[in-house]
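Just below is one structure, and these are the notes that go with it.
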Amino acid sequence: MDDPENYNNGVFIDTQNLPVMRLMTPFEVDLCGIYGRSFAYFSLKDRLPVILTKIIDQLSRDGDKIKSANSASNEDVTSFMQAVAKLKNDLVTNKRYEPLTVDTPDAKKWNEWIANQEHDKYFNNVWLFSECYVYRRLKEACELTKGLADFDYFEDQKTKAFNENVELMCIVADRLVTMVQKSDKEKRKNDFITLLKIALWANKADLSLSLGDVVSMATQDKEKPRFEVPPPAPTGKKSKVKAEPPPPAPLYAYDLDPFQMILENKDRILVDDTPKMVDQIISKAEAMNKAVDGNTTFKYKCSCHRLATLAGMAICKEEVPPPPAEPPAEAVAAASEAEKPKEEGEKPKEGEKPKEEAPKQIPCPAKMTIPQAVMFDIVCDNAGYELFADLCLAHFLIAQKIVKKVRFHVKNMPWFVSDVTIKDFSSVIAACMNSTFEKEIPLTAAGAAAAAASAPPPPAGEEASAPGPKILTAENLRAVATQWDQYFKDGVFAVMAEDYWTYPHPFKDMKKYDYNMYRKLQYAVAVLFKGDLNYRKLLGERNCNPTTTFEHALQGFTPAPLIAVRTVKSELICGLPKGKWDQLTSLDEKWMQRGDYGVIQYYPKGEALKVADRPCMDYCRTCFGVICPEHTDI
Ligand SMILES: O=P(O)(O)OC[C@@]1(O)O[C@H](CO)[C@@H](O)[C@@H]1O
């Protein structure tokens, strides 16, 4: 009989052909495939190969459909399939990384990074690098064909997953319409927290974890016990705090009610910073709003040439239009006067021509220390129901006038199966706008009892009629999505697909690899990082001691106040009370792999935005060091 020590998650720990040890990841080391009892090993050995096999299966099954949808040839499909099969073989046999051969700016960077890795094999290197490399190679396999360059090999799975979760979206949309109306401080705070928790549990719907199988949050919930171990009792001596009563029974028999889920999973949020965080963000946003309104300094003359000289960079030699004359001081004062909102009823005097609007002055981004508007950033994770939940939160922040703009950061290529791309962003909004979902939802026994108790007595001699079901429709879902579409058109919602999100680097290295990305984040009142992959990057893919503070675990990555909202789907965590990790691990060694627990963590102190010591992000692209281009995304 095989030694059970040789198995992890039912997967054989191959110490013969792979460089692995029969260990869980020790503390204070990077996650890596060499630890045979780790989720990293299991993912590289089993999960990723299955994801790749499913792409090959899809191509052989739906090749004709894919060809006609992409105007691709047989040759394109065959070459893509062969590349995926080779990639899978390279991975499972732990080959050295191969340089990318496609001629794109990011591929050049990748090749430098590959050349600089101390370990250049899949199982030997940091898990994050290897995993991102696999997804980048997948994209390259498409880029190298003529017809499949834009093919999203995960699109079908994302669409199916969206369709599976429409009922949940209708339930949330019905509540959202009440949350976006004028409300008092306390309600606003509670609604903010509720939407953060909806966004947290929506992170359970993740197709890379389910190996691309469609995740219906509801069936996931019904088919297996939601949690394989009961929530642990509080650590330490007997608690003096009285046990709270269980949440009230649901009134309607939804497949799954996301609001009920919040109540039931209360103890599954291992770190919950929401109460202090929400107050701080609201006050910070108010202060920032005042600073933005009071900012009448327009330093529009670009200083990029000067900063490039200081940073030892080449001066941009593009042919450029002559610089505009420096405006006289009075003109600047007049322009700032013109920017001030007119008092109600203030009209041009009779006979006076309406003043022409002063030309919009765009501050040089390298000089800006105050953003142009109060913005909240969401670094998105999965499409489908999770993106829907993020949009609900964004809608609330705008409607409650907490911020003026929300920037969504998404991936620029198909990533980790279900991650949001720009195309997914539009299709999720469109699908919500066009949903015709309708379903009769019966009352539960508790609901029937409550309805009967509150019903007026029947007229004398008549019997009380049985309380009825309700019809859940997509009416409010369509309405909120129509508003999102408008926000998007008006620039209130902005979608950005920066390269950094598909780099293999942890966030602590963002300043080094992409200074301008870091700077862009600095304009936000807070940046919300969604999901497990972003969490791994926040913690530098390092298995820190679980009691390490969030601040310490961030290793200096503090562009703005940061929020991490993540269900636990990989073996690293910080900010836990002493003893909690041991307690959970002793009950179930794999508690960190299923997304059954979550954290909402907050770090309040962003690095102050100073005048940059190097040119703006568009230097040599649209900015030639003379006048500033229009920056719509900052
Ligand atoms: O980022 P997400 O969608 O929350 O989770 C991504 C994930 O499923 O994929 C990674 C392994 O492939 C793990 O970090 C995690 O389990």
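Worth knowing before you read on, the calculation uses all heavy atoms, side chains too, and leaves out hydrogens, waters and symmetry mates. Just follow the structure's listing: the first ligand is 1, and inside any ligand the first atom is 1.
- Close contacts between ligand 1 and G531 involve ligand atoms 4 (O) [criterion: under 4.0 Å to a heavy atom].
- Near D381, the atoms of ligand 1 lying under 4.0 angstrom from a non-hydrogen atom of the residue are 1 (O), 2 (P), 3 (O), 4 (O).
- Under the 30°/60° scheme for interplanar angles, the aromatic rings of F416 and Y135 are found to lie parallel.
- When only interatomic distances are considered, the shortest N/O to N/O separation between S43 and ligand 1 does not fall below 3.5 Å.
- When the shell of 6.0 Å around CD of E118 is examined, it contains 12 or fewer heavy atoms from other residues, nucleotides or ligands.
- For atom 13 (C) of ligand 1, the nearest non-hydrogen atom from the set D419, D532, L44 comes from D532.
- Not a single ring-ring contact (aromatic ring centres under 6.0 Å, His included) links F162 to another residue, sequence neighbours left out.
- Annotation for ligand 1: atoms under 4.0 Å from non-hydrogen atoms of L533 are 1 (O), 2 (P).
- Residue-level proximity to ligand 1 for F39 is carried by the side chain, the only part with a heavy atom below 4.0 angstrom.
- Between the side chains of T25 and N543, no donor-acceptor pair is found at a separation under 3.5 Å.
- No part of R566 comes within 4.0 Å of ligand 1, judged by heavy-atom distances.
- Neither the backbone nor the side chain of Q593 has a heavy atom within less than 4.0 Å of ligand 1.
- Considering both main-chain and side-chain atoms, N534 never comes within under 3.5 Å of ligand 1 through any nitrogen or oxygen pair.
- In the vicinity of E131, heavy-atom distances shorter than 4.0 Å reach the ligand 1 atoms 10 (C), 11 (C), 12 (O).
- If you look at T567 next to ligand 1, there are no close heavy atoms at all, none under 4.0 Å.
- When the side-chain hydrogen bond (donor to acceptor under 3.5 Å, both in side chains) test is applied to R542, the partners found at least two apart in sequence or on another chain are D30.
- Of the heavy atoms in K530, none comes closer than 4.0 Å to ligand 1.
- Atoms CZ and CD1, from R268 and I262 in turn, are 15.5 Å apart once rounded to the nearest 0.5 Å.
- With a 4.0 Å heavy-atom cut-off, ligand 1 is reached by the side chain of W127 but not by its N, CA, C or O.
- For F129 and W110, the distance between ring centers is under 6.0 angstrom.
- For the residue pair D381 and N534, no side-chain donor N or O sits within less than 3.5 Å of a side-chain acceptor on the partner.
- Close contacts of ligand 1 with N382, meaning ligand atoms under 4.0 Å from a residue heavy atom, involve 3 (O).
- Residue contact check: N203 has heavy atoms under 4.0 Å from atoms 4 (O) of ligand 1.
- Of the residues listed (Y133, W113, W415, Y513), the one engaging Y503 in a ring pair (Phe, Tyr, Trp, His ring centres under 6.0 Å) is W113, and it is the only one.
- Counting only heavy atoms from C-beta outward, the side chains of T15 and M21 never approach each other to under 4.5 Å.
- Not a single heavy atom of E386 sits less than 4.0 Å from an atom of ligand 1.
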